[in-house]
Amino acid sequence: MRLSDATVVIRPRTTWEAMDLGVLMSQRHRRLLMTSWAIVTLPIFALLSAIFWDSPSLAVFIFWWLKPAFDRLPLYILSKSLFGETPTLNQALREWPRLLKPQLLASLTWRRLSLSRSFVMPVVQLEGLHGHAREQRLQVLLQRNAGAAQWLTIIGVHLESALWIGLMVLFYLLLPQQIELDWSWQTLITAAVQDWRWLEHLTNAFYALVLIIWEPIYVACGFSLYLNRRTVLEAWDIELVFRRLRQRLSTTALTLLLATILWVPGAQHVWAAEPVITPDSPRLLDQPLTSQGSKDSIKALLEQPPFKNKETVTRYRFGEEKTDTKTADDSKTPEWLKALLALLDSPRFGFLATLIEVLLWGAVIGGVGVLIWRYRDWLQAFVSRRPALKSKVARPLPQQAFGLDLNRETLPDDIAASAESLWQTDPRAALGLLYRALLSHLLHDHHMALKTADTEGEVLQRVEQLQQPALLAFSKTLTGHWQNMAYGHRLPPAHLQQELCDGWRTLFGPGAAH
Amino acid sequence: MSEQIEPGSPTHVAQQRQRASQLAQAVRGELRKAVIGQDTVIDDVLTALIAGGHVLLEGVPGLGKTLLVRALAKCFGGEFARIQFTPDLMPSDVTGHAVYDLNTEQFKLRKGPLFTNLLLADEINRAPAKTQAALLEAMQERQVTLEGRALPIAQPFMVLATQNPIEQEGTYPLPEAELDRFMLKVRMDYPDAEQELNMVRQVSRSTRADMLDVQPLRTVLQAKDVLALQRIASDLALDDQVLDYAIRLARATRTWPGLILGAGPRASIALVRCARARALLRGGEFVIPDDIKGCALAVLRHRVRIAPELDIEGLNVDQVLGQLLDQVPAPRL
């Protein structure tokens, strides 16, 4: 690398200027860059489209993902042409497989989504660094220009999409209206049947075309950013100046050097004899411009406009005018008025003033109160919220339903046992007892609001709301048999006795009364 | 406790009852296919069919009143006629009239659309009272007197009338005597959100505009089947307590403070018959108080008149009757 051979002017630039340089570089070699990019990418894109014909999005995604691999070719061309060795198309293409080798996997996997991709690419490809060395290098490079590199990528993403969409819109605009109508009609009719894949692949192709234009520019911008960073870090511009100096002065340098060496010892002697000079030393104070004088003039300068801005503001102020008005009005105000005012100001009338104040406030508050009272209905209806419902009035629990006495005291202690004993003689009474006990249980233990008007079906619906499957199942069985007995006049089967009594015991405990 | 003794062999009766229940439930299933989201209304209409009564359907336009009746006619193999009631409809347009035949030089009777099994009286309150009165005899006595001759109407005979509650313009309210002859007055309300969604999806998917074309219905019921259902329903066991409950409900309307006009004995009869029909529809073997309570609202709502002060307060008949049902004690044993 010979900096003196560089085809661009090497000097420290701002980041945006550096990117601009990249654009110019890619412009100079646009034909080579774009042709080589197209030759490499388009066949691959065609291949991907053919392979993933059924999933166009996947094809374009893979193509997009492979971009770092394609990027190496433009970078190679740019780096060669920087020092005047622009390769031909053939050379560049032949070189590409070799370029792919170093760290391809890394750049296609975990480094793929790096935002400063184009900026750090030269580190791997041109410097050939890897591992720890690469990381150190990146650390140094990214200290200053990481932000710009990331912005470059972000702008690139937007530009790419804008161009892509623009190309699609252009395509759409160029469609003859008749064809467009026909298409929309066909999409309507044969939405499910027709194969519209080719359209999606066409859209993908637009992306590939956009990349031909944009991607070399992106690579070039990253490359120029990288160059700029190195120029700053390694002071290439100063090196270049020195090189030019050396070229020009290589003949006279030797004599100059000799002369310097001969002259320097004497000069050192002279410097050593000089006393130390301070601002207060008499030699300096004797000068036409003394230290004091310069200090004063500096102070005077500092008082002047660029350093101090004095403004004069004129405005009215009320605080201090009191005395003036009083004296001015004295002649016009009649004496009696002044006397009256003085009298009223006296503490004697203080309580009267307080009284009047209280009365006035009272009138205001009372007026508001009267207004609220007058329009209370309107306010209730339109302003305030509905009055909160009064808390549920605790209703006395009904002691009777369906002609059954539900009071706990009237029930036997062991209901299941009593029912069993009753079953033989009076099955109806036994079933009635069980049903009565169930209702009593619902009433007292579950606080169910049973009304006398509730039918058996409605009681069952309320049991359903309790969400206790066991209780519900038992209640259903019992209610069914009770209805059979009471309204259908059907005697319950014998085995039912045991079933119901067992059900009762499992649900409410062996000796439970309720 | 008294054992109910049924005529015929008990197992045979039970089988018949089971078959009748299945038949009724099949009709219900078919109707639910056509009329989505109106299950209670379908139940009420079937109740009236089994109980041998007439139904007055009330609802805002577009709820499927006419659709329900047409669906019922499709499921029902008997004759179906429809009269669109208009302000200029004459009684003879309903019952029929005598026409002079020039060939035979004699008067011939031409029977009106009333002579059918299932009669849809669409928008019944659009015709004046005299035309509405043409239905009175047919509905109660199931016969029509034409030219001095009483002509019987085929059994079963059921009138399904629809009316619109909102429109007052150009309508004639039904007289009490006419209202009383309807066994049930069924209110159709808007379907649930889910059911409406379901219905709209089904109908809009089809290219046909009519719901009946969307769901072709089977004819599951013949005229004689209906008669059999009615007979089986009327044989269903009814406990005295349940009967008493029905009577107490009807009687309570007469003394209820919120009602100025109570229901007559016809209401009690209708209550019991409806309860029997509901029991059959439910698949039950006897009537329980729930059957009475379930149809009480439909039976009573058009037979009572609410007190004006409650009307002004914004209460409607259904709310007052709901309070009544909440107060009248269920059967005691």
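Throughout, protein chains are lettered first and strands after them, A, B, ... in sequence-line order, and every chain is numbered starting at 1.
When side chains are defined from C-beta on, A/Glu456 does not count as touching B/Ile288, because their heavy atoms never get closer than 4.5 Å. No side-chain heavy atom of B/Leu238 sits under 4.5 Å from any side-chain heavy atom of A/Tyr487.
Rounding to the nearest 0.5 angstrom, the gap separating the CZ atom in B/Phe286 from the CG atom in A/Asn484 is 4.0 Å. Here the CD-CG distance, from A/Glu458 to B/Leu325, works out to 8.5 Å after rounding to the nearest 0.5 Å. The CG atom of B/Asp326 sits 7.5 Å away from atom CG of A/Asp454, with the distance rounded to the nearest 0.5 Å.
Counting heavy atoms of neighbouring residues, nucleotides and ligands inside a 6.0 Å radius, atom CZ of B/Arg305 does not exceed 12 of them. In B/Arg254, the CZ atom is crowded: over 12 heavy atoms of neighbouring residues, nucleotides or ligands sit closer than 6.0 Å. No more than 12 heavy-atom neighbours from other residues, nucleotides or ligands sit within 6.0 angstrom of CZ on B/Arg251. Within a 6.0 Å sphere centred on OH of A/Tyr375, heavy atoms belonging to other residues, nucleotides or ligands number 12 at most. Other residues, nucleotides and ligands contribute over 12 non-hydrogen atoms within 6.0 Å of the CD atom of A/Gln498.
Between the B/Lys293 side chain and the A/Ala453 main chain, a donor and an acceptor come within less than 3.5 Å of each other.
Looking at B/Val328, only its backbone comes within 4.5 Å of chain A, counting heavy atoms on both sides.
A/Gln483 approaches B/Asp290 most closely through the heavy-atom pair NE2-OD2, 3.8 Å.
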